[in-house]
Structure formats: structure tokens, C-alpha cells
There are 2 protein chains.
Amino acid sequence: MGAAEDRSAADTQGTGPAQGHRRRRCCESGDGTRRGVGAGRGAFVEPALLAVLARSEGYGYDLVRAIEEATGGEVVPDTGGLYRLLRRLEEDGFVTSQWQEGGSGPQRRSYCITDDGRALLEHWIGHLEERRHALDVLIGAARSASQGTRETDAT
Amino acid sequence: MGAAEDRSAADTQGTGPAQGHRRRRCCESGDGTRRGVGAGRGAFVEPALLAVLARSEGYGYDLVRAIEEATGGEVVPDTGGLYRLLRRLEEDGFVTSQWQEGGSGPQRRSYCITDDGRALLEHWIGHLEERRHALDVLIGAARSASQGTRETDAT
DNA sequence: CCTAGCTAGATGTATAAGACATATATGTGA
DNA sequence: TCACATATATGTCTTATACATCTAGCTAGG
């Protein structure tokens, strides 16, 4: 079968939009919520977690609040994801953990960053700065394209 | 079974790292390549594509190069992903397309942004700016945590 | 003529981060 | 007893992207 030939819609003319089911678009998903990485928050939680742990040790449930606070509400990790992340970081030697002694209520597992973890945080900072640069460039390109000329210049 | 009780490693003491297979960490995957959204490039291609199309229409294979150029090499889309994205954008009415007339070589499908597409680009710009702000806050938190105090302040 | 290689479009599959739902256990207060 | 908050944990889905591969049209070399 012809490659580039079996498209049901859009044959040789512009197609009708054929809307209907509302797919994710930019920051919103079909129902208005922001899901997964679609909102562009990819790889935010790990550095935020390391940053918080670099200041003081803590246990999972509380780290969520600490991260939210430290980032001014910009990073609000999912609890489930945070526990999985902590496990992974521990398996790889970036944090250590132990059950907290005594205290009332459910047991708490307290996490503490290692030297490797601090090194990883430094690595993350450099990476995040690169990302910000890429974002700046992209925003600049998008803004100039949006405000600027249409169709091959026309000032 | 007890929740919080069946962890094979890390029982009441800090665990041994137990390295071995090298998992993705920060910007790198096990083999050093940058895969998926792990590198933090989530939702970069769609706005870049819209920005390029806002300047002039074009066909898929060439849009890859246009995007790379417009973003100073910061966004280099995967061709497969780009074609899928173009299809989705067309289905939702943000771009239209038609086969280019004549010319030698394989047929080209030329894409053109719609008014809805331009509106979406504006939406994207606002969103990217929010993301940059979040990134700034996160970098600030990470930097101060990395350089600053360990364990509950100690100036 | 046949093959290799480039352009162009398209699909298959894997990976990774995160969102949402839910399960389990412990403690407190009505 | 029941509802509720804390605390850890797992299941499953969505999404964006990366990498591999396929088909097809054309061109240049042998």
C-alpha cells in the first residue's frame, strides 16, 4: 500500500476539523485536569525532593508538604509517586532510610540524603538550568512567530 | 500484610546501595542517551511546531529542520512523532493539509496553521511562561538547598 | 538493468514521569 | 463502633518522546 496514501481523512484538500471528543491540548486534558507529563512538568519531583532532603531528613508523607512549601506550590508531588521515587533513590544509594523510633500513629520511615545524593542534586541543578535556557529559546521563538509576520514576511 | 512492613531491603537500618544495572538518573538513561520525557523535554515539540507553522506553511520532513533552526537546536523532534502530532493537530482543527502539486521525489503533504492553531499557540506561550516560572522557583530552591545549611540550619 | 542511497511519510514499540484510585495499618475523637 | 486523619504502598492509565523499521519515489553508480 502506498505510504503517505492511506489517510482516511484529508485527502487532497484541507479537511474538516472533525472535532468531538476533546483530546488533551496544551496544558489541559479532555476534562480540564492536568495529567501526566502533558502539562510539561517532567522531571520536577526528583530534584525538588533532593533539594528538600539536602536541608534536612524527613519522612515521605511530610516531604510532600516540604516540597510544596520549598517550591512555593509549584511542585506538588503525588504521594504514590514520591514513595516509589524514594525507593528508587535508596536502591541507587542516593538516600538512606530507617524506621523512626517510638512516636504515636503509623510508623514513619525517615529518609536521609547521602553524599552521592548531594552530588546528584548538583547535577540536577545544571540540568535544570539547561532546561530553562531551552525554554527561553522556545518561548522567544514562539512569541516572535505568534506576534510577527504571517507567510514569509509581510511588514 | 502490614503496609510499610514488607520491604525486602532497608528494614530498620540504612541500606546498602545495591547498585548494578544503572537506572536513568537526572538527564541520562542507563546507556547515556536521553530518552522520553525523562530529560525534561515534556511538551516542547507541539509549541515549537505551531510556532514554525505560524511563520509559514511547510511539510513534515522539512518542519523538523525548521524547528531545529528556529529553536537554535534546543528542540529536535523525532520525525515519527512529528507526523503523528501533525495528524492529531489536523484532526482537532489546528492545522490543515494538502498534497503538494507536482515536484519530483516523494509526495509532500503541506501543513498550514488555522486561526484555532494560532490561538492555541498563544495559549501555549502563556503556559510555557508559567513553566519557566516554576522552573526558576525550583532552581532557586535547589541551589539554596545545595549550597546552604545541612540539617536544620547551622550558620 | 540492478543496487545503493536519499527524501518523505508512516507505523510499531519501548521508556519514563506523573496522575488518579485504592489498599492497608495505626491512632484519635464523636 | 464509626468516621477521619496520618502514613506507606501498589495498581493502572495517560502522555511525550526516543528508537527502529517499513514503504514508496526518485537518482546516481556500476
Side-chain angles (χ1 to χ4, degrees), chain A residues 1-8 10 23-49 58-65 75-88 97 99-100 103-111, chain B residues 1-8 10 23-49 58-65 75-88 97 99-100 103-111:
Chain A
M1 293 306 141
E5 196 55 68
D6 46 20
R7 290 191 47 189
S8 47
R23 199 189 326 260
R24 175 216 64 86
R25 212 79 260 174
C26 182
C27 54
E28 109 237 314
S29 118
D31 51 3
T33 58
R34 304 182 175 202
R35 291 178 62 83
V37 93
R41 302 203 214 61
F44 265 49
V45 174
E46 184 173 309
L49 173 60
Y59 60 95
Y61 202 79
D62 197 53
L63 288 168
V64 173
R65 290 188 283 261
V75 181
V76 184
D78 173 66
T79 55
L82 191 78
Y83 286 115
R84 272 186 278 240
L85 176 57
L86 284 165
R87 296 276 290 261
R88 228 165 51 222
S97 76
W99 290 110
Q100 275 183 4
S104 63
Q107 283 264 283
R108 296 171 175 176
R109 182 178 283 274
S110 188
Y111 287 88
Chain B
M1 296 307 145
E5 197 56 66
D6 47 20
R7 291 190 50 189
S8 47
R23 200 190 323 262
R24 175 216 63 86
R25 210 80 261 170
C26 183
C27 53
E28 109 239 311
S29 120
D31 52 2
T33 60
R34 305 185 175 202
R35 292 179 62 83
V37 95
R41 303 205 214 59
F44 264 50
V45 175
E46 184 173 310
L49 173 60
Y59 61 95
Y61 203 79
D62 196 52
L63 288 168
V64 173
R65 290 188 281 261
V75 181
V76 184
D78 172 68
T79 54
L82 192 79
Y83 286 116
R84 272 185 279 241
L85 176 57
L86 284 165
R87 296 274 294 261
R88 227 165 53 223
S97 77
W99 289 110
Q100 274 182 7
S104 63
Q107 284 264 283
R108 297 172 175 175
R109 183 177 282 276
S110 186
Y111 288 87

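In what follows, chains are A, B, ... by sequence order, proteins preceding strands, each numbered from 1.
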Whole Å only: how far is the [atom1] atom of [X] from the [atom2] atom of [N]?
| X | N | atom1 | atom2 | value |
| --- | --- | --- | --- | --- |
| Y83(A) | dG11(D) | OH | P | 17 Å |
| R87(B) | dT11(C) | CZ | C1' | 10 Å |
| L86(B) | dA8(C) | CG | C1' | 13 Å |
| R108(A) | dT26(C) | CZ | C1' | 12 Å |
| L82(A) | dT8(D) | CG | P | 10 Å |
| F44(B) | dA17(C) | CZ | P | 16 Å |
| L85(B) | dA18(D) | CG | P | 12 Å |
| D62(A) | dA5(D) | CG | C1' | 14 Å |

The side-chain contact (heavy atoms from CB on, under 4.5 Å) partner of V45(B) among V76(B), L85(B), D78(B) is L85(B)

Any [X] side-chain N or O less than 4.0 Å from OP1/OP2 of [N]:
| X | N | value |
| --- | --- | --- |
| R84(B) | dT17(D) | no |
| R88(B) | dA16(D) | yes |
| R65(A) | dA7(D) | yes |
| Y61(B) | dG9(C) | no |
| Y59(B) | dG9(C) | no |

Under the side-chain contact (heavy atoms from CB on, under 4.5 Å) rule, what do V75(A) and L49(A) come out as? Steps first, then yes or no, please.
CA-CA 10 Å; V75(A) 181; L49(A) 173 60; over 6 Å; no

Where the side chain of [X] is concerned, which of [options] is the nearest nucleotide?
| X | options | result |
| --- | --- | --- |
| D78(A) | dA7(D), dC20(C), dA10(C) | dC20(C) |
| S104(B) | dG27(C), dG18(C), dC26(D) | dC26(D) |
| R109(A) | dA10(C), dA9(D), dT12(D) | dA9(D) |

Using the side-chain contact (heavy atoms from CB on, under 4.5 Å) rule, take R109(A) and R87(A) through it: C-alpha gap first, then chi angles, then the decisive distance, then the call.
CA-CA 11 Å; R109(A) 182 178 283 274; R87(A) 296 276 290 261; over 6 Å; no

Classify G81(A) by what it touches in the nucleic acid, base, sugar-phosphate, or nothing, heavy-atom distance under 4.0 Å.
nothing

Closer to the 5' end of DNA chain C via nearest nucleotide, is it G105(A) or V45(A)?
V45(A)

Given that T79(B) and P106(A) both sit by DNA chain C, which one's nearest nucleotide is further toward the 5' end?
T79(B)

To the nearest 0.5 Å, atom CD of E46(A) lies from atom CZ of R25(B) at 4.5 Å

Given side-chain contact (heavy atoms from CB on, under 4.5 Å), test R108(B) with W99(B) step by step and report yes or no.
CA-CA 6 Å; R108(B) 297 172 175 175; W99(B) 289 110; 5.7 Å; no

